[in-house]
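Structure first, then comments.
Each chain gets a letter, A, B and so on, in the order its sequence line appears, and its residues count up from 1. Note that the structure is a prediction, hence the values are computed from the model and not measured.
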Protein chains: 2
Amino acid sequence: MGNDAENNTEQKILVAAEHVFHEKGFDGARMQEIADKAGINKGLLHYYFKTKDSLFEAIFSVGNGKMMAHLETIFLLEIPLGEKIGRMVDQYMDLLAENPSLPRFVINELSKNPERFASKIISRNTLRTFSAFADSVQKEIKAGNIRPIDPRQLFMNVVSMILFPYVGSSLIRAVVGLTDKEFYALMQERKAHIKIFLNELIKE
Amino acid sequence: MGNDAENNTEQKILVAAEHVFHEKGFDGARMQEIADKAGINKGLLHYYFKTKDSLFEAIFSVGNGKMMAHLETIFLLEIPLGEKIGRMVDQYMDLLAENPSLPRFVINELSKNPERFASKIISRNTLRTFSAFADSVQKEIKAGNIRPIDPRQLFMNVVSMILFPYVGSSLIRAVVGLTDKEFYALMQERKAHIKIFLNELIKE
DNA sequence: GTCTATATCATGATAGAC
DNA sequence: GTCTATCATGATATAGAC
């Protein structure tokens with residue numbers, strides 16, 4: 001205890017690195033830019049993180065963890081499907097409002113390196129897997145609570161509606177013609193929009 | 001006429017470059033790899049395309065053009081909204097089945113360089129703009145053909161449902177656990193799935 | 001821990017022979 | 001047009017003084 005500013009420099013580095021990596025990806029990021037943003041020089045940067053890879057790994061694992069943790073919300077059991085979706089939408093959209101470039105970053109790096117996917121993070125708890133989700137959907141269908149639907153398509157629908165506007169914001173904003181302010185206002189409205197939309201999709 | 005193999009080497013370069021740029025993006029692409037894939041050496045590559053930028057521009061403009069052309073399907077006038085969406089889904093999904101990494105590529109490069117957006121390609125024809133689409137949606141709402149909905153949210157929904165599974169395939173495939181074959185089979189089923197889904201969304 | 005060199009290496013681009 | 005060098009630059013990483 002007492003070491004509040006445990007390592008102020010390391011924190012400054014991590015903040016700067018997160019910003020640069022999220023914005024430009026591993027390939028586009030420059031150690032020089034990270035050092036500049038952190039207010040230090042390259043030598044010191046390498047003192048804290050010996051390689052660009054190790055610094056990247058520190059940033060990626062955090063981002064990947066956030067993405068997966070929220071994805072897993074829909075894998076929770078013991079509550080109705082509509083409620084799962086509602087929670088997931090609210091939590092995810094709040095995260096994204098504060099980290100708009102997070103999903104694009106994680107998806108891109110995962111695309112370049114699919115093996116890296118965190119089997120540690122997901123399926124850590126055997127109750128929180130996609131197949132468990134699929135089973136619970138089938139159960140709700142048989143019980144007549146929701147209309148028949150392929151759980152994989154349902155999952156894609158939910159995730160697409162939430163993530164794409166952020167991942168593809170460059171495209172959407174260009175086509176629709178939106179300022180920053182307008183875009184973020186739309187995203188706030190979108191929380192309610194998606195919830196209504198998806199609940200009608202499954203409601204029988 | 002007669003010059004069928006007009007410039008065989010240039011074609012080989014363009015094919016190779018498209019593959020590499022789409023897969024790795026501008027920052028991750030290497031001129032060496034493009035040359036190797038085209039079966040030539042770097043010197044010759046630079047003879048055809050003086051700079052990496054100029055080669056990239058050739059690839060990007062084609063990809064961007066494809067993306068925009070299909071986006072504009074939904075901006076067509078004079079046919080009912082449901083039909084517009086149906087056409088867009090079919091055409092876009094067919095394009096994506098053959099170019100799975102195209103949307104991620106275009107979106108990423110557009111994100112790094114939003115100004116580059118092809119105002120030349122879209123809004124070339126004044127009848128094909130988002131605002132014209134928005135107007136036609138409002139008209140259909142007033143006529144009682146479809147239920148009230150913000151045209152911008154509707155547009156995002158359609159585009160998200162179509163594009164995200166491809167853009168975020170790395171994430172989806174990891175979470176759901178899909179082989180190549182399973183993924184592409186799902187994408188084929190998805191065409192019908194999306195059309196039903198979106199038609200119910202707007203149907204009153 | 002922090003800095004200033006400097007080493008090392010990869011990459012885009014050019015020069016010049018054929 | 002095509003190739004084999006080679007250059008020039010920029011980026012990661014290291015060495016060593018303070």
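- For the pair A:Glu33 CD and D:dT12 C1', the interatomic distance rounds to 15 Å; values are reported in whole Å.
- If you run side chain to side chain contact (heavy atoms under 4.5 Å, CB included) between B:Val167 and each of B:Pro103, B:Pro100, B:Ser101, only B:Pro103 comes through.
- Using a 4.0 Å heavy-atom distance criterion, B:Ala35 is classed as making no nucleic acid contact.
- Side-chain contact between B:Glu72 and B:Thr129 is absent, with no heavy-atom pair separated by less than 4.5 Å.
- For DNA chain C, the span of nucleotides reached by chain B at under 4.0 Å from its heavy atoms goes, 5' to 3', from C:dT11 to C:dT14.
- Closest heavy-atom contact between B:Thr179 and B:Arg173: C-NH2, 3.5 Å.
- Ion pairing of B:Asp94 with B:Lys191 is present here, as a side-chain N (NZ or NE/NH1/NH2) and a carboxylate O approach within less than 4.0 Å.
- In terms of the side-chain contact (heavy atoms from CB on, under 4.5 Å) criterion, residue partners of A:Asp53 (sequence neighbours excluded) are, by chain and number, A:Phe26, A:Thr51.
- Of the candidates B:Val15, B:Ile40, B:Leu45, B:Leu45 is the only one forming a side chain to side chain contact (heavy atoms under 4.5 Å, CB included) with B:Ile34.
- D:dA11 atom P lies 12 Å from atom NE2 of A:His46, rounded to whole Å.
- At a threshold of 4.0 angstrom between heavy atoms, the contacts of A:Lys42 include nucleobase atoms, whether or not backbone atoms are also involved.
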